[in-house]
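Input: a single structure, listed below in structure tokens.
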Amino acid sequence: KIPVAVVSSNGYYYFLDKDANVIERTDNLENTNNLIRVTNCNMIQNIGENKSEIRQQWQKDAYIKIFNAMHDLKISDKFSSLSLSKENEMYLYTSDGFVINLGDSEDIVSKLAVSNSMRDYVLQQGRTEGRIDVSLPQKPVFANEDNKVLYDPKYQLDMSPLEYERIQQQQNSNP
């Protein structure tokens, strides 16, 4: 099991794999290298067991969907943190200053693919930082302090329908 994220809760730091399994719990945060920080998420220690897990089931389900989609699309290295504040208000933060509004965790593969290609497109246009809203992946929007630009779908990731369907099936079989 490889840690991909760290959650701070109850005075401890929890290192989690892409399936929300706790790999390690520590009170000293060192060497987080390329781990994604997960915020607005609390952990619980099961009584009588030496096992910790994410307290809210919806957060655990969303975490698993998001991290597995990032892994399948091979884009996890682009993100620095994930906020799971409400079921319909989830945000990813990129390492280079973009905030991505995911909305909820439905159709997460499309949302991540569109946000990634939109980020690349915006960077090519000379814009840095900003907000990418993919809560409706078919109508994504980029905004920064200067303007708002509707996203042109021709810049979506080049993924064959078969590849997209395979990723969707993986997500549905392993929520």
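Bear in mind that the values here come from a model prediction, so they are computed numbers and not experimental data. Residue numbers run from 1 in the order of the sequence given.
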Practice task
Show the numbers, then the answer: is there a side chain to side chain donor-acceptor pair (under 3.5 Å) between Ser135 and Asp133?
Solution key: CA-CA 6 Å; Ser135 55; Asp133 187 335; 2.6 Å; yes
Problem - Residue pair Thr94 / Asp96, side-chain donor-acceptor N/O under 3.5 Å - result: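 Thr94 vs Asp96: donor-acceptor pair found between side chains.
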I'd like to check [X] versus [Y] (side-chain heavy atoms, cut-off strictly below 4.5 Å). Are they in contact?
X: Met70; Y: Ile36; answer: yes
X: Val134; Y: Leu102; answer: yes
X: Asn116; Y: Leu73; answer: no
X: Met43; Y: Leu16; answer: yes
X: Asp61; Y: Ser105; answer: no
X: Leu92; Y: Leu112; answer: yes
X: Tyr91; Y: Ser81; answer: no
X: Asp104; Y: Lys111; answer: yes

Donor-acceptor contact present, side-chain [X] to main-chain [Y], <3.5 Å:
X: Asn34; Y: Asp77; result: no
X: Glu87; Y: Trp58; result: no
X: Glu53; Y: Lys60; result: no
X: Ser80; Y: Tyr93; result: yes
X: Asn68; Y: Lys18; result: yes

Practice task
Show which residues join Leu136 in its hydrophobic cluster (side-chain heavy-atom contacts under 4.5 Å, direct or indirect), or state none.
Solution key: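 Same cluster as Leu136: nobody, lone residue.
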Fill in the blank from the handout: Sorted by chain and number, sequence neighbours left out, side-chain hydrogen bond (donor to acceptor under 3.5 Å, both in side chains) with Ser9 holds for none
Practice task
Any chance you could lay out the side-chain contact (heavy atoms from CB on, under 4.5 Å) test for Thr39 and Leu84, step after step, and finish with the verdict?
Solution key: CA-CA 6 Å; Thr39 60; Leu84 297 173; over 6 Å; no
Handout entry: Residues Lys65 and Glu106 bridged, charged N to O under 4.0 Å
Key =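 Yes, charged N to carboxylate O under 4.0 Å.
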Problem - Mutual orientation of the aromatic rings belonging to Tyr14 and Tyr12 [parallel < 30°, tilted 30-60°, perpendicular > 60°] - result: perpendicular
Handout entry: Shared hydrophobic cluster, Val114 / Ile75 (ILVMFWY, side-chain heavy atoms < 4.5 Å)
Key = yes
Practice task
Tell me whether Phe142 is reachable from Leu123 by hopping between hydrophobic residues (I, L, V, M, F, W, Y) whose side-chain heavy atoms are closer than 4.5 Å.
Solution key: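 Looking at the clustering, Phe142 is in the same group as Leu123.
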Problem - Atom of Tyr63, atom of Asp17 and distance for their closest heavy-atom approach - result: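 It is OH-O, 2.8 Å.
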Practice task
Over all heavy atoms of both residues, which pair between Ile132 and Phe98 is shortest? Give the atoms and the distance, please.
Solution key: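 Heavy atoms of Ile132 and Phe98 come nearest at CD1-CD2, 3.9 Å.
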